[in-house]
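Predicted model, so just to flag it, every value in this text is computed and none were measured. If you read the sequence from its start, that first residue is 1, and numbering goes on from there. As a basis for the values below, the full set of heavy atoms in this structure was taken, side chains included, without hydrogen atoms, waters or symmetry mates.
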Amino acid sequence: MIMNKNEKFVIAINRELGSGGHTVGAKLAEKLGVKFYDKDVLKVLEDKFHLSIEEIERLKGQRHGWWADVCRLMLVGQDLGADLDMPKNYDGPGLLTAEDVFKAETELLQNIAAEDSCVVSGRSGFYALRNHPNHLSILIQASMPFRVQRVMQKQNLTEDEARKVIDKVDEMRENYVKEYTKSSRYNARNYDLVICADGKTEDDIVALILKYIG
């Protein structure tokens, strides 16, 4: 069943480095008039509060509508600690393990999607949001030459340097996804739509997604 954009929805975009998928997510959110969340936004909470699932639940119990407040403050860059009645020197339950991070991010993504329509980039969204009643999961891929060229331009790297960066990120992301989802980020069954970015601009891909949604 195709996602219904007239009801509360979430679009999860996973992408290969150099495919332009992050920019696609931001532009798609703008076209749909919804919020866009990426790793930088989610990391605000992780870094600020060293969140574990227990800490998330404690925050949720503070007052009605807490998550909407958190999202609003993250987007405008205000001090989360002060507004959520958290002490400024709060150090949480200790440093997170990789598994803690995955569980916390999963909980964060699910709370984000429960509050309002949005587009999420990365963070294993295809897995965390798989049970959302009105979601669309997208994978944006590209050929290695296409990816290398984009990374060279964006990071001012040589061809060899860009290829090494891509290989390292690909391995890191795949290992992370396999470890905690027991699946591969390249498994097409995890997605409703798989797009190859070769020969397309970010705007072309956004238009393609919007046409798919209808």
- Message: Once side chain to side chain donor-acceptor pair (under 3.5 Å) is applied, what residue pairs with a partner in residues 23-32 remain, sequence neighbours excluded?
- Response: K27-D203
- Query: With sequence neighbours left out, what residues match D198 under side chain to side chain donor-acceptor pair (under 3.5 Å)?
  - Reply: S143
- Task: Cation-pi check, R173 to Y176: give yes when NZ or CZ is under 6.0 Å from the six-membered ring centre and within 45° of the ring axis, no otherwise.
- Result: no
- Query: Taking the side chain from N175 and the backbone from E171, do they hold a donor-acceptor pair closer than 3.5 Å?
  - Reply: yes
- With sequence neighbours left out, what residues match Y191 under ring-ring contact (aromatic ring centres under 6.0 Å, His included)? F126
- Message: Can a donor-acceptor pair be found, under 3.5 Å and without considering hydrogens, that links the side chain of S19 to the backbone of R15?
- Response: no
- Query: Of all residues at least two apart in sequence or in a different chain, which pass the side chain to side chain donor-acceptor pair (under 3.5 Å) check with N156?
  - Reply: none
- Item | Which residues share a side chain to side chain donor-acceptor pair (under 3.5 Å) with Q141, sequence neighbours left out | none
- Listed by chain and number, what are the side-chain contact (heavy atoms from CB on, under 4.5 Å) partners of D204, not counting sequence neighbours? K200, T201
- Item | Note: D167-R163 ion pair, threshold 4.0 Å (strictly below) | no
- Could you tell me whether R150 and E202 make a salt bridge, using a distance below 4.0 angstrom between a side-chain N and a carboxylate O? yes
- Task: Taking all non-hydrogen atoms of both residues into account, name the closest pair between H132 and K8 and its distance.
- Result: CE1-O, 3.9 Å
